[in-house]
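For the single chain, residues carry numbers from 1 onward in sequence order. Note that these values count all heavy atoms, side chains included, but never hydrogens, waters or copies made by symmetry. Note that this is a predicted model, so its numbers are computed, not measured.
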Amino acid sequence: MKAKISTKLILLFFLVCCSWSQVRAQAAKFGKIDEAELTMRTYEKDTSAAAVILSDYGYTHFNLINELQVVTERHIRIKILKKSGYDWANITVPYYQHGSTRDRVGSIKGFTYNLENGKVQKEKLDSKTVFDEQRSEYWYMKKFTMPNVKEGSVIDVSYVITSDRVYNMREWEFQSTIPTVWSEYRARIPQYFDYKFQMQGYHPLHKSDNQKQSGNEMINNSYVWAMKDVPALKEEKYITSLSDYQSKIEFELQQVNIPGRGTEVMTGSWSKVTDDLLGDHSFGIQLNRSGFFKEDLAAISAKYKEPEQQMQAIFELVKSRMKWNEKYGIYTSNPIRKAYDLRQGSAAEINLLLTSMLLEAGLDAGPVLVSTREHGRVITSYSPMLNKFNYVIAHVQVGGKEYLLDATDPLLPVGMLPFRCLNGNGRLIKKADQRWVELTATTSLTKLFNATITINEQGELTGTGHESAGGYRALYLRKTILEEGESKYAERITKEIGDFKMSKPEIKNLRDINNALDIIYNISASGSGQANHIIYLNPMLGQAEKENPFKLNERLYPVDFGTPIDETYICRFTIPAGYELDEVPKSLVVNLPEKGGRFMYVVQQEGNSLQVMSKVNISRPVFFAPEYAYLKEFYNQIIAKQAEQIVLKRIAAN
C-alpha cells in the first residue's frame, strides 16, 4: 500500500536541504553523433537484430518546488538497421495520473540522423506531433514518432519525467526486445530516504557503485548501475510475461529518517492494506451493498438448500446476467448496483458483485487480488504494492473445499480460472483470513483423438474420427466455435488436415460446459486409383506435432505451460487383405526427469488390424531453466517419432 509522505516531513526536508547540485549521467552527449554510428550496417553480436539500442542513460534525483518530487532524466539513442525495426521510431513514455497524484512528461527533444551522400542530415522532432493516450485506468502514454526514419538512421531522444510518487521511484529497464550496447542508470538519493532495490533478470551488472556525496549540508547516496552488451529479450512459447524475465531494477521506499523526528516506516503491512481496501468505496464497501439482489438470492435459497448448490447457482446467475467489458483493474469504476442494472462491467465489478452475493447468502467468501500472466508475476516476499495487481476474482470455502471463481466468462465451470489468471499467487482480502492463495489450474488441457480407418489396395482411407476435448482444450475450442459459428468452423477444419479430408462434422456438448466437447467426423484420403505394390501410411492422420515449440539453444527463464497437458491419440487401421507390414515405427517411451512428463508411442498388430497409440503427458505446468534441455529433447523425440511412416507391402504370390 502506498504510504503518503506528510507535509511536515516535506518541510523538515526543505529545512535540512533546500537544494543540491545535480550530476549529469549522460556519457553520450545528446545531439552529438559519431559517424561510425551512422555507417554501422549490422550489430556483430546479433546480426539478426532489426535495431539496436546504442546507449540508454537515466538519472534520477529529488527536487522541492512547492512539493517534494522525483525527477528522472532519460537519453536514449537507437540505430535502425532494417525496415522491420522502424517501429522503434515510435516512442511511448508511460506515466501515472490519479487524482492529485500525477507524473509529468516534459522537455521532450528528438533528432533523426541520416548519412546522405557522405553528409550527416539532421531532422528535428516537431513538438506538435507529440500526443497523449490513455492506456488503462490510471496509466497514460506520451507518444510521438521520429521523422524521416529509414534503414541506417540513428534516432536520439531525451525527456524528463517529474513525479509526485516519491514512494515508488520509476523502475529502470536494462533489457529490451532488441539488443542494448550500453544501459546506465544513476540515482542520487538523500541519506534520509531508505529505498529497497529489487534487481531482476539474468544478465549481470557490468558496473555497480555507491558513494556518499555532500552538498549544502546534505549527504546524498549516489548510485550507478550499468550493463553492457545486453542481449535481446526474445519471445518464446510458454511464458507468462517477458517483463517477468527482463533485466531491470525496481525501487521501494522502506523508511524515512529525519534528524530529530525519528524513523517513519513507509512500507505498509498486508494487515493495513486489507483494512484500507475493505474500507475503500471502490472495493470493500461494494461488498456490503446487497439490497438490490435480495430477491434473486431468495429464489436461489428456496430452490437449493445445500451450500455447494447455492454457490453454484449464484455463480451461474452472475455469469448469465453479466457481460464482461474486457476491462481489468482492482477497483470498480461504477458501483456494483449500476453494473448489475447495466448487465455489464469490469472484472472488478463483476467479481465483487459475485463475492457480495456469496457473502449475503451466508457463505465464507472474499475477493482475491490477481496479477494476470500478461501483467507479470507477483513476488510474495516483497512489501505490499497494489500496482502489482490488475484483476480481481472471488474465493469461497464450502464443504471443507476452497474454490476460486471468475464470472467474467460464461464458458468457465465452477472452480476453473481463465488461463490469464494462472499466474503464481493471489492475495485473499479478508479481515479474518489474510493470506496468499495459489492460482493453479484445477484441470488439465485434455485431448483424446480416436479414429477407426480402413485402407484398400489403392491406398484409399475411409473411416471416422472422434475428438473429445476437456479442461482448457474444451474452453478454447468452445470459444473458437462460438465466435466463428459452427458452420464456419466445420468448413475450416475440413481444410486444415493436409492430405486427409474431414467431412460432416458433428459437434456435441458445445454449451454443456460440465462435460467434454465432442467433435465427430468422417475421414477420407484418396489413393492412387490402382492397386499398389507398396502403400505408405502416415499413421497420425495429420494430428502429429509439426515443430518443436522450443527453438532457443539455451533458455534462461522458465517454461510455463500454465496447465498440465494430456493428449492421447489412438487409431485402429484395418489393412487390406494380401498386405503385410514392411516397415513400422518401433514403440518408444520417453520420460522427463522428476516425473515431469511422459511420451509413449506404441504400435500393435493383431491379424489385419493395426493400432497406433501416441500419448503426451506434461504433469506439471512449470519447468525451470536447468530442465530446458530435457524438455527440448523431449519434444524432438515426439516430433521425430510421430513423423515416422508405416509401409505396407503386397505379399508375393506363391
Side-chain angles (χ1 to χ4, degrees), residues 98 134-139 240-241 273-274 277-278 280-290 293 311 314-359 365-378 385-396 403-430 436-442 472 475-476 479 483 513 562:
H98 177 51
Q134 187 168 1
R135 187 176 70 179
S136 61
E137 190 173 7
Y138 303 131
W139 281 94
T240 49
S241 166
V273 169
T274 299
L277 280 172
L278 291 177
D280 194 299
H281 282 277
S282 297
F283 193 87
I285 298 299
Q286 296 299 316
L287 300 176
N288 304 322
R289 295 179 174 171
S290 57
F293 54 66
M311 174 194 69
I314 292 170
F315 181 59
E316 294 299 332
L317 170 65
V318 177
K319 280 197 308 172
S320 62
R321 180 183 181 91
M322 303 300 293
K323 181 179 180 181
W324 183 38
N325 60 16
E326 299 192 3
K327 289 186 178 180
Y328 291 54
I330 64 172
Y331 297 105
T332 60
S333 297
N334 293 313
I336 60 171
R337 169 63 186 267
K338 185 174 181 180
Y340 184 84
D341 291 340
L342 293 173
R343 294 179 174 263
Q344 68 172 10
S346 66
E349 289 157 1
I350 291 173
N351 287 324
L352 287 176
L353 168 65
L354 171 63
T355 308
S356 179
M357 295 185 76
L358 293 168
L359 287 168
V368 175
L369 302 182
V370 171
S371 176
T372 58
R373 292 171 71 87
E374 186 180 34
H375 191 249
R377 192 174 291 262
V378 174
M385 298 172 70
L386 288 183
N387 64 337
K388 295 295 183 183
F389 301 93
N390 71 326
Y391 202 86
V392 179
I393 59 175
H395 173 275
V396 61
Y403 297 87
L404 294 175
L405 307 177
D406 186 333
T408 62
D409 189 338
L411 298 177
L412 285 171
V414 163
M416 182 176 173
L417 289 176
F419 188 79
R420 60 180 171 270
C421 291
L422 302 178
N423 191 29
N425 293 274
R427 187 71 189 188
L428 177 60
I429 305 300
K430 287 173 68 177
W436 294 100
V437 293
E438 290 189 19
L439 304 172
T440 54
T442 55
Y472 285 91
L475 177 64
Y476 302 148
K479 282 181 179 291
E483 287 173 3
I513 61 175

Exercise. Any side-chain heavy atom of Met416 within less than 4.5 Å of one from Leu475?
Worked result: yes
For this session: Please round to the nearest 0.5 Å and tell me the distance separating atom CG of Asn425 and atom OG of Ser371.
Result: 11.0 Å
Exercise. What's the spacing between Gln344 CD and Lys327 NZ if we round to 0.5 Å?
Worked result: 9.0 Å
For this session: Would you confirm whether His375, through its side chain, and Lys388, through its main-chain N or O, come within 3.5 Å as a donor-acceptor pair?
Result: yes
Exercise. Can you list the steps and then say if Asp409 with Lys479 is a salt bridge (Lys or Arg N to Asp or Glu O under 4.0 Å)?
Worked result: CA-CA 10 Å; Asp409 189 338; Lys479 282 181 179 291; 2.5 Å; yes
Problem set entry | Glu326 atom CD, neighbour heavy-atom count above 12 within 6.0 Å | no
Exercise. Should we say atom NZ of Lys430 is surrounded by more than 12 heavy atoms from elsewhere, each under 6.0 Å from it?
Worked result: yes
Problem set entry | Pairwise side-chain contact, Pro335 with Gln286, heavy-atom cut-off 4.5 Å (strictly under) | yes
For this session: To the nearest 0.5 Å, tell me how far Leu358 CG sits from Leu354 CG.
Result: 4.5 Å
Seminar exercise, completed: So OH of Tyr328 and OG of Ser346: to nearest 0.5 Å the spacing works out to 11.5 Å
Exercise. Given the rule in the side chain to side chain contact (heavy atoms under 4.5 Å, CB included) test, do Tyr391 and Thr408 qualify, once you have shown the distances and angles that lead to the verdict?
Worked result: CA-CA 11 Å; Tyr391 202 86; Thr408 62; 3.3 Å; yes
Problem set entry | Side-chain touch Thr442/Tyr403, heavy atoms, less than 4.5 angstrom | no
Exercise. Going through the distances and angles, do Leu317 and Met357 end up as a side chain to side chain contact (heavy atoms under 4.5 Å, CB included)?
Worked result: CA-CA 10 Å; Leu317 170 65; Met357 295 185 76; 3.5 Å; yes
For this session: Kindly indicate, with the supporting measurements, whether the criterion side chain to side chain contact (heavy atoms under 4.5 Å, CB included) is fulfilled by Phe293 and Leu353.
Result: CA-CA 10 Å; Phe293 54 66; Leu353 168 65; 4.0 Å; yes
Exercise. Do side-chain atoms of Glu349 reach the backbone of Asn334 as a donor and acceptor pair under 3.5 angstrom?
Worked result: yes
Exercise. Yes or no on side chain to side chain contact (heavy atoms under 4.5 Å, CB included) for Thr372 and Phe389, after CA distance, side-chain angles and deciding distance?
Worked result: CA-CA 8 Å; Thr372 58; Phe389 301 93; over 6 Å; no
Problem set entry | Contact check, side chains of Ile330 and Asn390, non-hydrogen atoms, under 4.5 Å | no
Exercise. With side chains defined as the heavy atoms from C-beta onward, is the minimum distance between Leu386 and Leu277 less than 4.5 Å?
Worked result: yes
Exercise. So do Leu404 and Leu439 actually touch side chain to side chain, heavy atoms under 4.5 Å?
Worked result: yes
Problem set entry | Shortest non-hydrogen separation from Tyr472 to Ala441 and the atoms involved | CE1-CB, 3.9 Å
Exercise. Taking side chain as C-beta onward, heavy atoms only, is Tyr331 less than 4.5 Å from Asp280?
Worked result: yes
For this session: For Lys319 and Leu412, indicate whether the former's side chain and the latter's backbone hold a donor-acceptor pair under 3.5 Å.
Result: yes
Problem set entry | Asn423, Asn351, Ile393 screened by side-chain contact (heavy atoms from CB on, under 4.5 Å) with Val370, the one that passes | Ile393
Exercise. Hey, what do you get for OG1 (Thr274) to CD1 (Ile429), rounding to the nearest 0.5 Å?
Worked result: 4.0 Å
Exercise. Cut-off 3.5 Å, side chains only: do Ser356 and Arg337 have a donor facing an acceptor?
Worked result: no
For this session: Working to the nearest 0.5 Å, report the span between CZ of Arg343 and OG of Ser320.
Result: 8.5 Å
Problem set entry | For the student: nearest non-hydrogen atoms of Pro367 and Thr355, plus distance | N-CG2, 3.8 Å
For this session: Determine yes or no for a side-chain-to-main-chain donor-acceptor pair under 3.5 angstrom, with Arg321 supplying the side chain and Tyr340 the backbone.
Result: yes
Problem set entry | Thr240 side-chain N/O to Arg373 backbone N/O, donor-acceptor pair under 3.5 Å | no
Exercise. Are Val368 and Val392 close enough that some pair of their side-chain heavy atoms sits under 4.5 Å apart?
Worked result: no
